[in-house]
Amino acid sequence: MPVLMNKDLLQFHLQGQNVSYIFHVMENGQLGQLYFGKKLRDRADFSHLSKRETRVASSYIEEDPSFSLDLIKQEYPGYGTSDYREPAFQIQQPDGSRISNFTYRSFELVKGKPELPSLPATYVEKEDEAETLLIHLEDAYTNLALTLMYTVYHNRDVIVRSSSFKNNGDLTHEIKRAHSASVDFPDADYEMLQLSGSWSRERHLHERRLTPGVQSIQSTRGTSSSQHNPFLALKRPETTEHSGEIYGFSLVYSGNFSAQVEVDHYHTSRVTMGINPFDFSWKLKGGEHFQTPEVVMAYSHNGINELSRTYHELYRSRLSRGVWRDAERPVLLNNWEATYFDFDEEKLLNIARKAKETGVELFVLDDGWFGKRNDDKTSLGDWFVDSAKLPNGLPTLVRQINDLGMMFGLWFEPEMISKESELYRRHPEWVIQVPGRSHSIGRHQLILDFTNSEVVDYIYERMAGLLTESNIEYVKWDMNRYMTEVGSLQLHSDQQAEVPHRYILGVYDLYERLIATFPHVLFESCASGGARFDPGMLYYAPQGWTSDDTDAIERLSIQYGTSMVYPLSSMGAHVSAVPNHQVKRITTLETRGNVAYFGAFGYELDVTKMSDNELNQMKHQIDWYKENRTLLQYGTFFRLLSPFQNGGNETSWMVVSKDQKKAIVGYYQVLAEPNPGFKRLLLHGLDKEQEYCVSGYKETFFGDELMSAGLQLSSGYDGSQTGGLEESGDYSSHVFVLTGVDQGRGDKS
Ligand code: DGJ
C-alpha cells in the first residue's frame, strides 16, 4: 500500500520504493507538510515532525500565538494571512479580496492514476502500479473548491502532484496564480541545479548554493524555452553523481513556467513550480474548473545519476506513448543541413539513394517543400506542396523513397504563419496579436492563434490531408519563434492573460488529434532545436530534436545536460558535415558518430558529397548502431565524466543492458594534452561478478574491477610524431564495448 493514512488524525503517508512524503490536516483545517525524503517506517502519528514555536515579530491567529503560518511547513500555501513567503496560488474575488482559506473536506483514494483533462501527464498501464490520493478542500466563503492530487508509484521514487480549482458558486473569480505544487523544506543547505542556455547551447548544467531570498528560473516566451528547462533539483553540497541526497522537480508542461526556491529568514526553503504567474490570469466562472499541469518530484539518496535514471525510466515508459515508445528508432537522414531550401526532386532522390546504400532507414524532408518557400521569409501556413520543386507531387516522391526501401518523414511548423502567405492574406485575424500594436517578427514569421479552435481545426485538416495522401511515417514538428504582443482577437478583453496557456492547450489538442488518427507516425518535436524540449512534449512525441547545434564537441555539454532528466531514446542526435555549420569546428567522422550514438541516431549532411572512404565509414557506423541500438536507446544510462567540471576537457558516459551482460562506454577528449597523466575510467552499473571482454583490450575484467579499479585508458601519446589524430589528438573519442565473456566479443571495429 503506497498510501498509508491515519484517518483520525488525518495524516497521509505516501511511500514509494525508497521515498516517503508525509502531510496532515492542521488545526486550522489547512494542509501542513511533515516530511519529504528517504523512506520512513510508518507509524500512527507523525505530528511531532512539525513542532510549533512562538517567535517574535510574527503574525498569528488570536487564540494561539504559536500558530503562525510563516513558521509552519505547508502543502499548498496562500498569501494574505500570516505567511509572507511566495504562495502557491492566489485568487482574486469579485469584491477585490485576494485572501482564500481552503480547508479540508474529504479525501479519495483511487487505484492507478486518473488522466489530466487536456494536459499531458504520466500514466499507469496497470492499476496496481500506483495509487492516487485526492485531497478535497473548500473555501466556504467563496464557494471555491481545491483538489490536490498526489500519485505515488509502488516501484519508483516519484511523487506526482497537481492541483485543480472548481468554482461551485455563481460569481466569476480570477485565478492570478496556480502553481502545480509547493514543498517546504526544513533547511536551506542545498545547491540548486538547473538546465539553462540559449539557442544552440541548450540545457547546460548550472549549480548555485541557495542563499536567502528567491532564486528562480522561468519562461515568459510562450514555450518552455532554450533559456531554462522546466526542471530544478536541490542537492546537498556533498552529493555527487553516485552518492548523497537530491530532490528533483520536473514540470510536465511546454509553455510559460516558473520554478523557484525561496529561502526565508529561518533558513527554510520553499520550492514552487507551475505555470508562470507573470502575465497570467484565468477567469473562473461559476461551474468551471481549472487544472494545473503536473510536477514530477523525484528523490534519491544515491546521487544525481540515480535521480536521472528515475526520470528516464518514468518518462520513457509512463509518459511517452504509442507504438514508438518501446520500438527501435530508425536511423534517419535529414536534408536540412544538406540542402537547406535549395532542392528539387532529383537532388532529394540522389541523396536518398546514397543514404540507402549506407543503411539509412528513414529519409526526412525538412523545411522548404511547400508554398513558395525558397527562404525563411514566406509560406508558413500554406501547407501545399511547391510544384516548382516537386512537380510530381509529394505522393510520388514518397513512393519513390519507399521503393528504395526507406520510410519517409516530413517537416511541418504547424503553429506558424508567414506574413507572405496565402493563409495570412485570407486570415490576418488568425494571428496572435494585440489590436493597435505592430507585430514584432521572429524569423520573419508570426504565430497562429492556437487559442482559437477554428485555427487548430484548419491546421489539423491540412496536416491530416497530407498524412493521408502519402505514406508519411515520421513528422518533425518545428516551432521557430517566441511569442510577443500576446493577445487573441477571439478572446474577451479580460481573458487576454489566458492566451499563453490556452495556446499550449491548443498545441496539445492538435498533437492529440494527430496521434490518435495516425498512431503509426513517429513524431519528433523541435523548436529551433531544443527550445521546447520538455516532458509535456514527450507525451506526444517520443523524441525531440535536442539542439540545432550538431557540433560533436558542443553536443557533449548539451546531451550531458539533457540527460539529467530525459532518456537517450528522446534525444535526436545527428552526424553533420565539417566544418560544422554552427561553430565551424572540424572533428572526425568517428567522433561525430561516437557522440551521436548516444541518442536517436541519424545524419544531417549531403551524402552525395562524401568520399567513398567516408561513405564506407558511415555504413560501418550505421551497421554498428543497428546492432547496438536497443542498448543505446533503452539501456540504463550512467554519466561518468562531466563537461561542466574540471575544465570540461573530458566527458564520458555509458549505457548498460538490463541483464548487465553488455555495456557501451563513450569517452571524449576536447583538447590533446602533452604527456598526460595516467587515466582510469571508473565504470558504473555493471555486475560485479561478471567477467567482461572490453573492445580494444586483450585482458578480461570483472565488473568489480571495472567499477573500483577502473579501465585504464591508453593515452596514445608516446612523444613520437606518428599516430593518428583520431587516437589522441584534439576532439578524439573512443567507444568501448563491454561484453560478458559468456556472450562473445562485441568489438566496435
Ligand atoms: C529549425 C530546426 O531546428 C532545424 O532542424 C530545421 O528544421 C529548421 N528549423 C528549418 O527551418
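Note that ligands are numbered from 1 as they come in the structure, with each ligand's atoms numbered from 1 the same way. If you read the sequence from its start, that first residue is 1, and numbering goes on from there.
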- Task: Test the R462-F384 pair against the cation-pi criterion, namely NZ or CZ under 6.0 angstrom from the six-membered ring centroid and within 45° of the ring axis.
- Result: yes
- Numbered in order shown, the ligand 1 atoms found under 4.0 Å of a heavy atom of D367 are 10 (C), 11 (O)
- Atoms in ligand 1 with a heavy atom of W545 nearer than 4.0 Å: 3 (O), 5 (O)
- Message: Starting from atom 7 (O) of ligand 1, what is the nearest protein heavy atom, named by residue and atom, and what distance separates them?
- Response: D366 OD1, 2.6 Å
- Backbone of I417 reached by a side-chain donor or acceptor of S421 within 3.5 Å: no
- Could you tell me whether R629 sits above the aromatic face of F601, with NZ or CZ closer than 6.0 angstrom to the six-membered ring centre and within 45 degrees of the axis? no
- Message: Which residue and atom name correspond to the protein heavy atom nearest atom 1 (C) of ligand 1, and how close is it?
- Response: D478 OD2, 3.1 Å
- Query: Relative to ligand 1, is M479 under 4.0 angstrom through side chain, backbone, both or neither, heavy atoms considered?
  - Reply: neither
- Check whether more than 12 heavy atoms from other residues, nucleotides or ligands sit under 6.0 Å from atom CG of D612, and answer yes or no. no
- Item | Polar atom proximity, W336 to ligand 1 (N or O, under 3.5 Å) | no
- Check each heavy atom of S528 against ligand 1 and say whether those closer than 4.0 Å belong to the side chain, the backbone, both or neither. backbone
- Query: Between E604 and ligand 1, does any nitrogen or oxygen pair lie at a separation below 3.5 Å?
  - Reply: no
- Item | Nearest atoms (heavy-atom pairs only) where F343 meets K389 | O-CG, 3.4 Å
- Item | Row check, W545 ring normal vs R203 NZ/CZ: under 6.0 Å, within 45° | no
- Note: ligand 1 atoms sitting under 4.0 Å from heavy atoms of C526 are 2 (C), 3 (O)
- Where does K476 meet ligand 1, judged by heavy-atom distances below 4.0 Å: at the side chain, the backbone, both, or neither? side chain
- Message: G529 versus ligand 1: do any nitrogen or oxygen atoms come within less than 3.5 Å of each other?
- Response: yes
- Within 6.0 angstrom of K626 NZ, more than 12 heavy atoms from elsewhere: yes
- Query: Is the NZ or CZ atom of R309 both under 6.0 Å from the centre of the six-membered ring of F637 and within 45° of that ring's axis?
  - Reply: no
- atom 3 (O) of ligand 1 [closest protein heavy-atom partner, distance rounded to 0.1 Å]: D548 OD1, 2.3 Å
- What part of D376, side chain, backbone, both or neither, has a heavy atom within less than 4.0 angstrom of ligand 1? neither
- Under the ring pair (Phe, Tyr, Trp, His ring centres under 6.0 Å) rule, what do W336 and F341 come out as? Steps first, then yes or no, please. CA-CA 8 Å; W336 178 241; F341 295 103; 5.2 Å; yes
